[in-house]
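Data first, discussion second: the structure below is written as structure tokens.
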Amino acid sequence: MFEIRQRDGLARVCRMVTAHGTVDTPALLPVINPNRPLISPREMKSTFGAQAIITNSYIIWRTPGLREAALSKGVHSLADFDGTVMTDSGTFQSYMYGRVEVGAKEIVEFQRSVRTDIGTILDIFTEPAATRDDVASAIEETIKRGAEAIPGKGEMLLAGTVQGGVYADLREDCARRMSDMAFDIHPIGGVVPLMEGYRYADLVDVVIASKKGLRPSRPVHLFGAGHPMLFPLAALMGCDLFDSSSYAKYAADGRILTPAGTLRVNELAEMPCACPVCSRHSAKEMAESQRLMAEHNLHISFTELRRVREAIRGGHLWELVEERARAHPSLIEALRRLATHSEYLERFEPLSRASALFYTGPETIQRPTVKRVRARLRERALPFVNKPLVVLPEVEKPYSRHHIETIEKIWKAADARIAVAGYFGLVPIELDEVYPISQSIIPQQTDLETQADAEREIRGEASAIDPAMPVFWDWQEEMTGLREGYPAKGAPDRDVGRVRAVADYQFGAGAGGALTRGAVAIVKSKRTGRIRNAMLDGKHVLSMRAHDGFFTLKPAGATVLHAALKAPRMRVVVAEDAVPFVKAGKNLFAKFALSCDPELRPGDEALLVDSSDKLLGLGQVLLVSGEIGAFERGVAVSARDGIP
Ligand code: GUN
Ligand code: ZN
């Protein structure tokens, strides 16, 4: 039903299959008022490309003409829409007006009777101001209603809403319990007041808490999120579906949506927009027509979602989110709140991206990618500095190329290791080409917060080095001390040093030693002089990728690491049924992956083993721990080689 195509962190481009076609997510479902649609569902598809709409089953149920029509010819005919139709249940009406006449079971059965593709339970809306006790009992009632609704869902997909007010632990618990039931989709509910009040930082806590409890293989819908300004951030947090009546509500109020905020049209002298509507109409014409404003709002909203999907595919969603955060101070606050969740986010953070990391401001340094580099330097690189360390200032990238003369001079004189102190921390020169150290664009002059943070990090990392190894911060001043105290012992083998350092950084401490224990031969590119392949005792063990500086593992390298690293490190365990396929070099599908090393990240190289830890093959991880076992469709590990 739901399959990941591309991902970037918690964000994902997926294909959701329903009885009326597929929906490419993240997707916007425009809200259709069953009584008086401002823009018809047919146009939603033909003009705006909507693959799905959402309408309200409770309004249909309580309106005699609509109810009979829906029951006799189905909700698709009623709406005149042949794509995916989702229906809501009356929860919001119950919240707004205190009660609804319909029963919880009855409204789900009604949704099935009108043959909606995705129905919704009658959950209890928990508002941000509610007390903990009230929220807790509302959750119990929501779960009870959910459990009662499931047996009657039939072929219809059913949405089980996560509630929990602003209590993160209740949200996570509710999400977990909802995930244990046979729902197909999980909306995050009760968030409209947060969005209306620009409480985006609280929204971040609510969404992340919900995501932690939810089964990752089910689409997540953010109920009532309709301002395009919020789409990139919500997608980054792993929301797949949005619904909105904002396009119509704002238009009714004379306002238009932009990705950077909201504008009152009667205050505009001209339209600052290139959409097909604004291109053909003056600001005055726009201000006079609710319909034109709504059309503009839809164009902008659908365009922003296309931009979000492209950003996920291209690996630059973080940049888009940071850029959009400039639109509203509440979004900056939300981004900073997101940084408090980076330990969780890092678990889904890809090893590398197709595009370089762009600095956009002081929030950039808070990204999980930066935190990961620093953690790995502290854990996998700096504790193993076994010589005095000379620290050089950051220059252009890659560091080793731009510092070449200095490096030659130091290595001629002294037996030392060299690191560069920069934005990411204290980077051993051997690691200067791994993502994102080389693949990042950061101005010389950043900002005070970033500078202070980097300096603090460099000092902290320096203290991770063995105290017996002195650190030289000014090589020119200290050259004599270096030369006399630690005289050179012949040129160090820089290439082997690089292979070892990158392997430790990529695969974990100990990997570099194992992959270079024996006769090592390095093949370099004639054109660039960079390492291409590493051979150990005549066997090809590793290839270095030009685009991210990491290794691709070869079968002989996998065999070495399998012997050197204890299970579960780097392992993905393959179900019996899939063993022959993996041995033959076929992809490992999610269904056949039993478990994996919790340290594996998207893009990592993995050892594929059977239940008794026999090596069967190797590949590149697409799904991580927690996702493996949950997804029923799609590839978990993309195969590189089988080991027959
Ligand atoms: N629409 C906006 N918020 C909600 C919610 O929390 N639950 C449901 N079912 N619909 C909503
Ligand atoms: Zn426009």
Using the six-membered ring wherever Trp is involved, compare the ring planes of His221 and Phe223 and label them parallel, tilted or perpendicular (cut-offs 30° and 60°). tilted
Is Glu333 salt-bridged to Arg199, going by a charged N under 4.0 Å from an acidic O? no
To the nearest 0.5 Å, tell me how far Arg571 CZ sits from Leu600 CG. 10.5 Å
Asp205-His341 side chain donor-acceptor pair, cut-off 3.5 Å: yes
Cationic N near anionic O, under 4.0 Å, Glu310 to Arg307: no
Would you say the side-chain atoms of Thr126 pair up with the backbone N or O of Gly164, donor to acceptor, closer than 3.5 Å? yes
Does the side chain of Thr142 come within less than 4.5 Å of Met178's, by heavy atoms? yes
Under a 3.5 Å cutoff, is there a donor and acceptor pairing between the side chains of Ser57 and Thr87? no
For Leu331 and Met229: C-alpha separation, side-chain torsions, deciding distance, then whether side-chain contact (heavy atoms from CB on, under 4.5 Å) applies. CA-CA 9 Å; Leu331 283 171; Met229 185 164 95; 3.4 Å; yes
How close do Tyr247 and Met44 get, counting heavy atoms only, and between which atoms? OH-CE, 3.5 Å
Could you give me the CA-CA distance, side-chain angles and deciding distance for Leu157 and Asp117, then say whether side-chain contact (heavy atoms from CB on, under 4.5 Å) is met? CA-CA 6 Å; Leu157 301 174; Asp117 296 298; 5.6 Å; no
Can you find a heavy atom in the side chain of Ser352 that is under 4.5 Å from one in the side chain of Phe550? yes
Validation row: Ile441, Tyr359 side chains within 4.5 angstrom (heavy atoms): no
Is the shortest side-chain N to carboxylate O distance from Asp453 to Arg456 below 4.0 Å? yes
If we ignore hydrogens and angles and just use 3.5 Å, is the side chain of Arg177 paired with the main-chain N or O of Ile143 as donor and acceptor? no
Indicate the atoms forming the closest heavy-atom contact of Glu304 with Pro232, along with that distance. OE2-CG, 3.3 Å
Aromatic rings His328 and Tyr200: how do their planes relate, parallel, tilted or perpendicular, breaks at 30° and 60°? perpendicular
Tyr167 and Asp173: CA distance, side-chain angles, deciding distance, side chain to side chain donor-acceptor pair (under 3.5 Å) verdict: CA-CA 10 Å; Tyr167 304 98; Asp173 187 55; over 6 Å; no
Please enumerate all residues that pass salt bridge (Lys or Arg N to Asp or Glu O under 4.0 Å) together with Arg336, with sequence neighbours excluded. Glu363, Glu449
Are there more than 12 heavy atoms of other residues, nucleotides or ligands under 6.0 Å from atom NZ of Lys591? no
For a 4.5 angstrom cut-off between non-hydrogen side-chain atoms, does Ile53 reach Leu29? no
Between Tyr95 and Phe92, how do the two ring planes meet: parallel, tilted or perpendicular, split at 30° and 60°? tilted
Charged N to carboxylate O below 4.0 Å: is that the case for Glu148 and Arg145? no
Can you tell me which residue among Arg367, Arg372, Gln366, Lys371 is in a side chain to side chain donor-acceptor pair (under 3.5 Å) with Ser342? Lys371
Under 3.5 Å, is there a donor-acceptor pair between the side chain of Asp243 and the main chain of Gly224? yes
Where do Arg176 and Ser179 land on the side chain to side chain donor-acceptor pair (under 3.5 Å) test, with the steps shown first? CA-CA 5 Å; Arg176 194 157 280 126; Ser179 278; over 6 Å; no
Between the main-chain N or O of Pro598 and the side-chain N or O of Arg601, is there a donor-acceptor pair closer than 3.5 Å? yes
For the side chain of Thr131 and the backbone of Asp134, is there at least one donor-acceptor N/O pair under 3.5 Å apart? yes
If you apply the rule side-chain contact (heavy atoms from CB on, under 4.5 Å), what do you find for Arg353 with Trp318, and how did you get there? CA-CA 11 Å; Arg353 291 184 169 79; Trp318 275 98; 3.5 Å; yes
Charged N to carboxylate O below 4.0 Å: is that the case for Glu172 and Lys212? no
Kindly indicate, with the supporting measurements, whether the criterion side-chain contact (heavy atoms from CB on, under 4.5 Å) is fulfilled by His299 and Phe48. CA-CA 7 Å; His299 280 298; Phe48 302 98; 3.5 Å; yes
Looking only at side-chain N and O atoms, does Thr369 offer a donor or acceptor that is under 3.5 Å from a partner on Glu349? yes
To check you understand the geometry: which heavy-atom pair defines the closest contact between Ser210 and Val162, and what is its length? OG-CG1, 3.8 Å
Between Asp548 and Gln439, do the side chains contain a donor N or O and an acceptor N or O under 3.5 Å apart? no
Would you call Asp240 and Arg218 a salt bridge, taking side-chain N to carboxylate O under 4.0 Å as the test? no
For residues His227 and Thr262, is any side-chain donor paired with an opposing acceptor at under 3.5 Å? yes
Establish, yes or no, whether a centroid distance under 6.0 Å links the rings of Phe81 and His20. no
Is Glu632 atom CD crowded by more than 12 heavy atoms from other residues, nucleotides or ligands, each under 6.0 Å away? no
Using every non-hydrogen atom in the two residues, find where Phe183 and Gly146 come nearest and quote the distance to one decimal. CZ-CA, 3.7 Å
Arg12/Glu627 salt bridge by N-O under 4.0 Å criterion: no
Yes or no on side chain to side chain donor-acceptor pair (under 3.5 Å) for Glu322 and Thr364, after CA distance, side-chain angles and deciding distance? CA-CA 8 Å; Glu322 289 174 3; Thr364 304; 2.9 Å; yes
Nearest non-hydrogen partners of Gln93 and Val100, listed with the distance: CB-CG1, 4.0 Å
Contacts of Asp123 meeting side-chain hydrogen bond (donor to acceptor under 3.5 Å, both in side chains) (sequence neighbours excluded), chain-then-number -> Thr91, Thr161, Gln163
Any donor-acceptor pair under 3.5 Å from Thr120 side chain to Ala159 backbone: no
